[in-house]
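Report on one structure; see the data block that follows.
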Amino acid sequence: MQQGQPMIVMSEDSQRVKDRDAQDYNIAAARAVAESVRSTLGPKGMDKMLVDSMGDVTITNDGVTILQEMDIDNPTAEMIIEVAETQEDEAGDGTTTAVAIAGELLKNAEDLLEQDIHPTAIIKGFHLASEQARAEVDDIAEDVDADDEELLRSVAETSMTGKGAELNKEHLSQLIVDAVRQVTVENEQGESVVDLEFLKIETQTGRSAGESDLLEGAVIDKDPVHDNMPSEATDADVLLLDSAVEVEETDVDTEVNVTDPSQLQQFLDREEDQLKEKVQQIVDTGADVVFCQKGIDDLAQHYLAKEGILAVRRAKKSDIEFLKEVVGANVVSDLSSASADDLGHGDVTRDDADELFYVTGDDSHGATLLLRGSTDHVVDELERGVNDALDVVAQTVSDGRVVAGGGAIEVEVARRLRDFADGVSGREQLAVEAYADSLELVPRVLAGNAGLDSIDTLVDLRAAHEDGQQRAGLNVFSSEVEDTLDAGVVEPAHAKEQALSSATEAANLVLKIDDIISAGELSTDKGDDEAGGPGGAGGMGGMGGGMGGMM
């Protein structure tokens, strides 16, 4: 105050939400995101249809895909989306679980805040619980042999169950395990390392998912550029180009004034000579096959066909990069400097029915997973499910630890955390117990999504774990509590540890905020779209604009 007048230090457009109102605002935003994906969890989870501003439709129940596609316009909500993205990057699966646990942690933290427990005490308790929970997961986890094919297939099937890939999960899980094995190498320490960069996924519509296949080498969905070219080449020298085999365009606009018909012919002859020169440079390298990332002139196609060289134009950059690994070639940018040393070696065969080229190298361990589906939407969802399954199988091979699924690990860790809480002093004890309650969200949601009574299910699970059945989880198909590890519901331990870590850190980050100062509207949108103000504890600020259409 200055002479009885309030001192204004913020602009008229700025907004500020303080103390408990700020905490309520942030928790409400984070919970809205978590609850939006909760119904997708588990084998009986439902799908979401997402329509973007361009009208493109995505149908999926993959947590990170849903959150990335939603038009969320709120800073706190975007912090929760980062949990899903981190989980996807580090573990490959478990994104919905991580986000749901983060939301439940904040919901239980809100109850503790109402009991006048300070946020720092809750944060410390959550941190203690997270450290202990990850230690308990490591203690419960069972070591697996990378050669245990049946268990690796179970890991893949568990990941795909409830997704678009579920109907053909037996066939696809076998392909996934074979693919991971094909790209597994040993490092200098003798450890198994899965190099997924050597595995490429191609999709094709118009066929059943059961007709998906694993192929050695690369698959190129292109045609030869000329009908008179050979369609196959055995023990071929392969040239990879990322420059066009066309007449070079000038950098500036030019005009050619022709006063005599012979001058025009000279001009055309010079262009033809340029193309002949480029083709001759290819011939001089000794190449039998050319994969070009850019265009090949019609006249150059004719000359290449006369030389008996198979050429493919406008290949995808990712295909060229993969071919580089498969055939051991260098990617050439300037034909004038190309030599035989830049060539790779391998066999190129043609599947006329599917209009595909199959390229295999001499010493490469590269492979291509060819996924087939009836429509584009089916193939897209199939690819997302297979990608997650590949990541978790690769993680299992590298990490060597698995846990029982179906909510078994969450209930067991929650039980152990409650015992651990007895030894924690101060108000942090209540936060540890709240953390244990949050973990039990997973079996409750699994049961609810399957149409079962979540309370009865949780009671049965707790009773089984009190009796020492630490692998007891929910079979959503039979509604029974059983040993889920023996039933083939298997998840990688690393994915669970990562989910606990990401969810806890995000929740603590939100809880630590007690003041929101915004230069304009509480929104991450830099445009002129209007979004509702925070309205104290009741309003959702930017949630009004960005998340209104989502809920």
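As the structure is a prediction and not an experimental result, all values here were calculated from the model.
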Distance col, row Leu390:CG vs Ile176:CD1, nearest 0.5 angstrom, shows 5.0 Å

List the residues meeting side-chain contact (heavy atoms from CB on, under 4.5 Å) with Asp221, not counting sequence neighbours, and say none if there are none. Leu356

All side-chain hydrogen bond (donor to acceptor under 3.5 Å, both in side chains) counterparts of Asp342, not counting sequence neighbours: Asn330

Polar side chain donor-acceptor pair, Gln301 to Asp297, under 3.5 angstrom: no

Which residues pass the salt bridge (Lys or Arg N to Asp or Glu O under 4.0 Å) test with Glu211, not counting sequence neighbours? Arg207

Any donor-acceptor pair under 3.5 Å linking the side chain of Asp145 with the backbone of Asp148? no

Examine distances only and state if a side-chain atom of Gln87 and a backbone atom of Asp93 form a donor-acceptor pair shorter than 3.5 Å. yes

Under a 3.5 Å distance rule, please check whether Thr368 uses its side chain to pair with a backbone N or O of Leu370 as donor and acceptor. no

Distance (rounded to the nearest 0.5 Å) between Leu241 CG and Asp334 CG: 10.0 Å

Parallel, tilted or perpendicular, judged at 30° and 60°: which one describes the rings of Phe357 and Phe291? perpendicular

Applying side-chain hydrogen bond (donor to acceptor under 3.5 Å, both in side chains), can you list everything that pairs with Glu491, at least two apart in sequence or on another chain? Lys496

Leu172 CG to Leu369 CG distance, which is reported to the nearest 0.5 Å: 7.5 Å

Can you tell me how far apart CG (Leu304) and NZ (Lys278) are? Round to the nearest 0.5 Å. 12.0 Å

Among Thr504, Val442, Thr96, Val83, which residue meets the side chain to side chain contact (heavy atoms under 4.5 Å, CB included) test with Ile101? Val442

For residues 223-242, the salt bridge (Lys or Arg N to Asp or Glu O under 4.0 Å) pairs (sequence neighbours left out) are Asp223-Arg350

For Thr184, give me all partners under side-chain hydrogen bond (donor to acceptor under 3.5 Å, both in side chains), at least two apart in sequence or on another chain. none

Sequence neighbours excluded, every pair satisfying salt bridge (Lys or Arg N to Asp or Glu O under 4.0 Å) that has a member inside residues 38-49: Arg38-Glu104

CG of Leu67 to CD of Glu78, rounded to nearest 0.5 Å, is 11.0 Å

Using a strict cut-off of less than 4.0 Å between a Lys/Arg side-chain nitrogen and an Asp/Glu carboxylate oxygen, indicate whether Glu150 and Arg153 qualify as a salt bridge. no

Tabulate below the donor-acceptor pairs under 3.5 Å that side-chain atoms of residues 306-318 make, not counting sequence neighbours, or state none.
| residue | atom | partner | partner atom | Å |
| --- | --- | --- | --- | --- |
| Arg313 | NH1 | Ile296 | O | 3.4 |

Residues passing the side-chain hydrogen bond (donor to acceptor under 3.5 Å, both in side chains) test with Gln498, sequence neighbours excluded, are Ser502

Which residues pass the salt bridge (Lys or Arg N to Asp or Glu O under 4.0 Å) test with Glu149, sequence neighbours left out? Arg181

For Glu497, check salt bridge (Lys or Arg N to Asp or Glu O under 4.0 Å) against everything at least two apart and list the hits. Arg401

Ala503 to Ala98 - nearest heavy-atom pair and separation: CB-O, 3.4 Å

Judged by modelled atom types alone, do Gln280 and Asp284 share a side-chain donor-acceptor pair under 3.5 Å? yes

Could you work out, with salt bridge (Lys or Arg N to Asp or Glu O under 4.0 Å) as the rule, every residue matching Asp319, not counting sequence neighbours? Lys200

Do the non-hydrogen side-chain atoms of Val397 and Val180 ever get within less than 4.5 Å of each other? yes

Pairing donors with acceptors under 3.5 angstrom, does anything connect the side chains of Glu381 and Thr60? yes

Please lay out, stage by stage, how Asp388 and Ser159 fare under the test side chain to side chain donor-acceptor pair (under 3.5 Å). CA-CA 7 Å; Asp388 286 350; Ser159 176; 5.4 Å; no

What's the spacing between Glu321 CD and Leu240 CG if we round to 0.5 Å? 9.0 Å

With distance as the sole criterion, is a donor-acceptor pair present between the side chains of Thr234 and Asp347 under 3.5 Å? no

